[in-house]
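Report on one structure; see the data block that follows.
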Protein chains: 2
Amino acid sequence: MKKKPQNLISQKWEILLSQAGYRITQPRRAILDIIAESCRPLTPVEIYDLARARSSGIGLVTVYRTIEKLEELHLVDHVHHLGECQTVFRSSDHHQHLLICTNCGTSCYFDGLEVEEQFNQIGQQLGYEVTGHWLQLAGLCEDCQKSHNSKKVPE
Amino acid sequence: MKKKPQNLISQKWEILLSQAGYRITQPRRAILDIIAESCRPLTPVEIYDLARARSSGIGLVTVYRTIEKLEELHLVDHVHHLGECQTVFRSSDHHQHLLICTNCGTSCYFDGLEVEEQFNQIGQQLGYEVTGHWLQLAGLCEDCQKSHNSKKVPE
DNA sequence: TCGATATTGATAATCATTTTCAATAAGAGC
DNA sequence: GCTCTTATTGAAAATGATTATCAATATCGA
């Protein structure tokens, strides 16, 4: 069993799960790593397949349950994108928004948008008290701009 | 059978469906009316229940199929909100964004946001070519502000 | 009015997610 | 390191949402 250098994010997640009273198991560790390392939102089944490739014998149920716990601790978010509603992506620690590649899914967080005041004004005009907003950008990442349609979704 | 004054939106929708080669049937008409009249996004089952209340004997399948056609003609959009991903709401004819009440779901479209240029800049910084954005505001509508202020409880 | 056929609702099939449950393994205490 | 409690596991079954099948029906152009 080779020891691979562990992802910083999943290391942090393990500590947080542990502190929350959850146990760190082999399947859970594999799932954590996969989500933490991914540069794009993944579906439960995608996570399941990737986890199986690493250490066989992981059940899809365990994927769902692990996502549930990560969600509870606000370590991942559900991302809605191109019809998909159940893809999971590591969350940002501070309030940021996602920019997603429409071709390969590769995602980046960004911030520094100064629109809060505008949002409040819009709300006022319509009689609403604005309490939150949800913004997502879509586009083509650097690689996909070059290779255009030739590239398929990476595994 | 009393003749109720028909909603302007569903009237328009009937014409468009007809022009697209689809037939206008009783069940379809009921479903159109319900979606067109609704001030908030509805799930297929909600539409189904409301349609049944009007004219019994409508199948849930017909609801799905009608939504499908409305979607195809870009007359309704899927709205993602509070865990729900399959709620349907009449779309805006020009490019606008939704402001949704987190309590009752009542929704309004708004526009006039000048952030396109900012979005492009953000994309450039991250190496993306921004092609679209998705923005939704959440808040409390006028009515819900009143009924909420009386029992405001901090979490 | 007639007739081709799009549409219908009931039923069955599919797919995603959740629940159940006995076996297993994590990790705290010794 | 060893033991014991119990959280976690995977398989299988149950649930829920959506889609496909199909014979009967209703629409709408001719």
Side-chain angles (χ1 to χ4, degrees), chain A residues 1 10 13-35 41-73 76 78-88, chain B residues 1 10 13-35 41-73 76 78-88:
Chain A
M1 204 184 285
S10 56
W13 287 0
E14 284 188 18
I15 294 169
L16 289 168
L17 280 168
S18 222
Q19 284 174 351
Y22 297 122
R23 294 180 182 172
I24 307 303
T25 65
Q26 285 311 313
R28 205 163 265 183
R29 202 186 293 267
I31 294 165
L32 254 53
D33 281 348
I34 284 161
I35 299 175
L42 299 171
T43 65
V45 173
E46 282 175 325
I47 296 167
Y48 171 68
D49 288 337
L50 291 167
R52 294 214 132 201
R54 275 187 203 204
S55 58
S56 58
I58 290 179
L60 180 56
V61 197
T62 302
V63 174
Y64 277 103
R65 283 187 284 225
T66 304
I67 291 174
E68 202 176 284
K69 274 152 192 66
L70 288 173
E71 225 179 338
E72 185 193 308
L73 300 176
V76 299
H78 278 290
V79 176
H80 306 248
H81 184 236
L82 296 177
E84 281 291 347
C85 299
Q86 293 305 327
T87 59
V88 170
Chain B
M1 204 186 286
S10 57
W13 287 0
E14 283 187 17
I15 294 169
L16 289 169
L17 279 169
S18 222
Q19 285 175 349
Y22 298 121
R23 294 180 182 173
I24 307 304
T25 65
Q26 285 312 315
R28 205 162 267 184
R29 201 186 294 263
I31 294 165
L32 254 52
D33 281 348
I34 283 160
I35 299 177
L42 298 171
T43 65
V45 173
E46 281 176 325
I47 296 167
Y48 171 68
D49 288 338
L50 290 166
R52 294 215 131 199
R54 277 189 201 199
S55 57
S56 59
I58 290 179
L60 180 55
V61 197
T62 303
V63 174
Y64 277 103
R65 282 187 285 226
T66 304
I67 290 174
E68 201 176 285
K69 274 153 191 66
L70 288 173
E71 224 179 338
E72 185 192 310
L73 299 176
V76 298
H78 278 289
V79 175
H80 305 247
H81 184 237
L82 295 178
E84 282 290 349
C85 299
Q86 294 304 329
T87 59
V88 169

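Per chain, numbering begins at 1; letters A, B, ... match sequence-line order. Note that these values count all heavy atoms, side chains included, but never hydrogens, waters or copies made by symmetry. It should be emphasised that the depicted structure is a prediction, and the values quoted were computed from it without experimental measurement.
Rounding to whole angstrom units, CD1 of residue B/Ile47 and P of D/dT18 are separated by 11 Å. We find that CG of A/Leu70 is positioned 12 Å from P of D/dT8, with the value rounded to whole Å. The distance from atom CD1 of A/Ile67 to atom P of C/dT17 is 9 Å, rounded to the nearest whole Å. C/dC15 atom P lies 16 Å from atom OH of B/Tyr64, rounded to whole Å. Taking atom CD of A/Glu14 as the reference point, atom P of D/dT8 lies 14 Å away to the nearest angstrom. The CG-C1' distance, from B/Leu60 to C/dT8, rounds to 13 Å in whole Å. The separation between B/Leu17 atom CG and C/dA6 atom P is 15 Å, rounded to whole Å. Summarising the geometry, the separation between CG on B/Leu32 and P on C/dT7 is reported as 13 Å, rounded to the nearest angstrom.
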Return a single string for nucleotides 23-30 of chain C, one symbol per nucleotide in 5' to 3' order, where B is base contact, S is sugar-phosphate-only contact and - is none, cutoff 4.0 angstrom on heavy atoms. --BBS---
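Going from atom CH2 of A/Trp13 over to atom CG of A/Asp33 covers 9.5 Å, rounded to the nearest 0.5 Å.
Phosphate proximity of C/dA6 to B/Arg28: absent, as no side-chain N or O sits under 4.0 Å from OP1 or OP2.
Of the two residues contacting DNA chain C, namely B/Gly21 and B/Pro27, the nearest-nucleotide position lying further toward the 5' end is that of B/Gly21.
With sequence neighbours excluded, no residue satisfies salt bridge (charged side-chain N to carboxylate O under 4.0 Å, His left out) with A/Glu72.
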If you restrict it to nitrogen or oxygen atoms, what contacts under 3.5 Å exist between nucleotides 10-14 of chain C and the protein, and what is each distance?
none

Determine whether A/Ile47 and A/Thr66 satisfy the following criterion, side-chain contact (heavy atoms from CB on, under 4.5 Å), listing intermediate values before the conclusion. CA-CA 11 Å; A/Ile47 296 167; A/Thr66 304; over 6 Å; no
side-chain contact (heavy atoms from CB on, under 4.5 Å), that's the test. Do B/Leu70 and B/Leu32 meet it? Break it down for me. CA-CA 9 Å; B/Leu70 288 173; B/Leu32 254 52; 4.0 Å; yes
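A donor-acceptor contact shorter than 3.5 Å links the side chain of B/Thr87 to the backbone of B/Val79.
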